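Below: one structure, written as structure tokens.
Side chains included, hydrogens not; waters and symmetry mates left out as well; all remaining heavy atoms used. Worth saying up front: this structure is predicted, and the values here are computed from it rather than measured.
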Amino acid sequence: MATHSDRAAPDLTECDREPIHIPGAIQPHGMVLIVDPATLRTVAGAGDCEAYLGDAWLGETLDTLLAQDIAARIASAAKAPGVAIRAAAVRLNQQSFDVAIYTGADHLIVELEPAPAEPLLAGEMLAWMDAIAAGFERATNLQLLCERAAIAFRTLTGFDRVMVYRFLDDDAGRVMAEDRDPALGSFMHHHFPASDIPRQARALYVRNRARVIPDVGYTPAPLRPAAFQSADLSDVALRSVSPIHLQYLHNMGVSASASISIVKDGILWGLIACHNQTPRQMPLDIRLAGVALAGGLARQIRAKEEAESYRERLALRAAEDVLVPSLRPPLTNAVSTRHQDIQRMFDGDGIAVIHPGGIDRYGHCPEAADIAAIAAWLGERNTTEAFASHNLAEVHPDAARFPERASGILALPVPEERSLLILFRVEQVVEIEWAGNPHKGVGLDPDATLTPRTSFASWSEMVRGQSRRWTLEQVEAAHRLRRALREASDTRERARLYRELERALTEKDAALDQKNLLMKEVHHRVQNSLQLVSAFLSLQARDAGPGPVADQLIEACSRLSAVALVHRRLYRDDQIETIDLARYLEELIGDLKASLGTEWSSQMTVDLTPMLIPTDRAVSVGLLAAELIINATKYAYPGGTGRIDIALQRHRNRLQLIVADHGSGVVGDRVGFGSRMMSSVMSRLDGELQHADNGPGLRAIVTMPIEEPQR
């Protein structure tokens, strides 16, 4: 028995470099012909060609040698590497041969393999395979499926021992199931090192799904002439086998061997390995049936693995549905309340949270200083993704000091909280049973000739420093939990920002309400003050009696009314930045009508187009309108009354205020206070005042921008 530390690491790449696809020879129980594709004449061959094809076989055409139209067969068949073109079986010198043709880089390769005297009946074979496939489907798990497969393939092939051999993550192999002659020892559950099946051999197992060695003690039959011994025989079933592999089988006490590939999704999942104590053939029809059966087995393996994966995903999803809604940030609080559920979900032995305030530990965990070192090492990886390892000491050597606390970890960074969640698994000591010591007799001399192992006696090895493996489904669940923690943290942060925003908006609304109330109060007080001044001026005008003084006082009252009206509207309305100019002028003109009396009010016509205008500009327009209307009443109809038309129009971004009378027109040069006031207002508004003949009378036209121009 050995421990994990006893294992050596020899360089076995010499075996991986062996060109097994160009052995230069074949197994002697059949024949191979190399043919020029243009002329279909044989240019080389191997095997006992003279006995079956005659002494003149070299240079002869295939049609002649095989007595059939091979050219037509090749023309109608799909040509692809690894795909055989099947020709009709031929009988040569009292022996039937199955014929397969392969397309090579420069030549055609024709394989003639002895056919059984009584080939399988297609109907019987299909019925048997259908029954076996039904048994595969009924298998409840992968182990039972492999056990049924071992029995089925031994029934099909008749070999003494049939094993279902699965490749592991490190390319070593393990016997999953076995059916054997009771007189033989068992290899059940035994492991075989990766060096037993080199990389290039595994690649050929994917391309060439069935390989047979009927007699391990055969003498290779070389290709003739020797110039063709470099031909690629990858697809040829008769291809000669590596001498190292033959010695390997001899050391196992095997006289005949066969293997059928189990290829799942284009990847070599495992092998059906067949051994016999005496030489034994596996004819083409048995091999084809075996390949078909292995294809069905591969599909059932995929179905069983996917079902197991689905069940695990379903269980993890169910645990997530219960766990995730209860994970309330911050992470430290979430883990402190639900650490047992998290450990149970991921099958962890301990859990730790590394956060700015320290380290919280639950269950079987390393010391705080060791956890801090692991966190620092993970931080150097500079990743926000989940990290999983079942052999922590291999990637973080310091972990070799505490395997009983943490041989495996599953780490989930939570950068939003500057925290790290780590699940720990303790060491799981595993005893692996090997078919012979895989390290014994392997030298490290690079110049030495590599030889296969000579012993396959059961040899146990203790593997330490590793935990239970994290499954792909658990790592995926960790990624989902990582996202859930991030989303919970984001939700918490959004809620905090929303509360702050809500508080700021509430304070803003209160400030605006207070400001609006204050502004309305100011407008109310200004309006009252202006009305009081206007009332005083009206009293003083009556006291002064008719004359210029009274007229001036009445004009002053009108101007004050224009300003007071704006403040009255602002006090009543919620909108204080803009005002409807038409409504404002309509109320202003109404006030003027009341002050001028019924003689004038009945003579005034009003046509106002609604438009919004800034409040300060509306006050100025009101002053202009009041001044123009008062001027019309003073000068258009000396000593009497007459018609006055008032209009407000809009032209794109400009407005026009028109005050027209039908009186005497322009009389003299007006340069009084009112004229100076209007000139000042027009200059400030970037407007223009024009006078035009109204035929009869005068039209006063005010044109100005609605909005204040950009300076």
Side-chain angles (χ1 to χ4, degrees), residues 25-35 40 42 45-54 57 60-70 72-74 76-77 82-103 108-129 153-159 208-216 218-221 223 233 235-241 255-261 272 274 276 278-294:
I26 65 169
Q27 299 180 59
H29 61 280
M31 294 178 289
V32 164
L33 301 176
I34 298 180
V35 178
L40 292 185
T42 57
D48 197 359
C49 299
E50 287 78 9
Y52 294 101
L53 299 174
W57 63 271
E60 191 61 82
T61 65
L62 274 184
D63 290 357
T64 301
L65 291 175
L66 304 182
Q68 53 185 297
D69 190 354
I70 297 298
R73 179 83 63 170
I74 294 174
S76 62
V83 176
I85 302 170
R86 297 293 176 188
V90 297
R91 190 166 184 81
L92 304 171
N93 195 13
Q94 307 303 314
Q95 172 65 53
S96 293
F97 288 89
D98 291 314
V99 181
I101 304 171
Y102 303 94
T103 56
L108 297 177
I109 299 177
V110 181
E111 182 178 38
L112 293 93
E113 185 178 1
E118 297 181 2
L120 294 174
L121 296 176
E124 293 180 1
M125 176 54 65
L126 288 174
W128 179 81
M129 291 182 64
F153 277 96
R154 185 166 180 235
T155 301
L156 175 67
T157 63
F159 275 65
N208 194 338
R209 303 291 174 90
R211 293 285 289 115
V212 182
I213 307 174
D215 186 353
V216 169
Y218 74 87
T219 300
L223 282 167
L233 302 181
D235 301 317
V236 177
L238 292 171
R239 184 184 73 247
S240 186
V241 182
S255 294
S257 170
S259 58
I260 301 172
S261 305
I272 302 296
C274 309
N276 211 65
T278 58
R280 183 177 182 84
Q281 289 276 1
M282 185 185 287
L284 176 63
D285 53 356
I286 298 293
R287 290 206 310 274
L288 293 176
V291 169
L293 192 61

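The shortest heavy-atom contact between Val236 and Glu111 is CG1-OE2, 3.2 Å. Tyr218 and Gln27 make their closest contact through CZ-CG, 3.7 Å (heavy atoms, listed as atom of the first residue, atom of the second, distance). Nearest approach of Gly47 to Ala221, heavy atoms of both residues: N-CB, 3.8 Å. Contact record, Met125 with Ala289: SD-CB, 3.9 Å, taken as the closest heavy-atom pair. Heavy atoms only, all atoms of each residue included: Arg280 and Ala256 are closest at N-CB, 3.4 Å. When all heavy atoms of Arg287 and Ala210 are compared, the pair lying nearest together is CD-CB, 3.9 Å.
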*Assess whether side-chain contact (heavy atoms from CB on, under 4.5 Å) is satisfied between Glu60 and Leu53, documenting all intermediate values.*
CA-CA 10 Å; Glu60 191 61 82; Leu53 299 174; over 6 Å; no
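Side chains of Thr103 and Leu108 form a contact here, defined as non-hydrogen atoms less than 4.5 Å apart. Two residues are said to be in side-chain contact when any heavy atoms from C-beta on lie closer than 4.5 Å; Arg86 and Leu288 meet this criterion. Counting only heavy atoms from C-beta outward, the side chains of Pro279 and Pro214 never approach each other to under 4.5 Å. Side-chain contact check for Asp215 versus His29: every heavy-atom pair is 4.5 Å or farther apart. Looking at Leu92 and Met31, their side chains come closer than 4.5 Å, going by heavy atoms from C-beta outward. By the 4.5 Å heavy-atom criterion applied to side chains, Leu33 and Trp57 are counted as neighbours.
Put simply, CG on Leu112 and CG on Asp48 are 12.0 Å apart, with the number rounded to the nearest 0.5 Å. Atom OG of residue Ser259 and atom CG of residue Asn208 lie 8.5 Å apart, to the nearest 0.5 angstrom. Taking CG from Leu223 and CD1 from Ile34, the interatomic distance works out to 4.5 Å, rounded to the nearest 0.5 Å.
Between the side chain of Asp63 and the main chain of Ile70, a donor-acceptor pair closer than 3.5 Å is present. Not one N or O on the side chain of Glu113 forms a donor-acceptor pair closer than 3.5 Å with the backbone of Leu284. One N or O on the side chain of Arg211 and one on the backbone of Ala237 form a donor-acceptor pair closer than 3.5 Å.
Checking each of Ile260, Leu293, Leu156 against Ile272 for a side-chain contact (heavy atoms from CB on, under 4.5 Å) leaves exactly one that passes, namely Ile260.
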Can you give each donor-acceptor pair under 3.5 Å made by side-chain atoms of residues 93-101, sequence neighbours left out, with the distance rounded to 0.1 Å?
from: Asn93; atom 1: ND2; to: Ala51; atom 2: O; distance (Å): 3.2
from: Ser96; atom 1: OG; to: Arg91; atom 2: NH1; distance (Å): 2.9

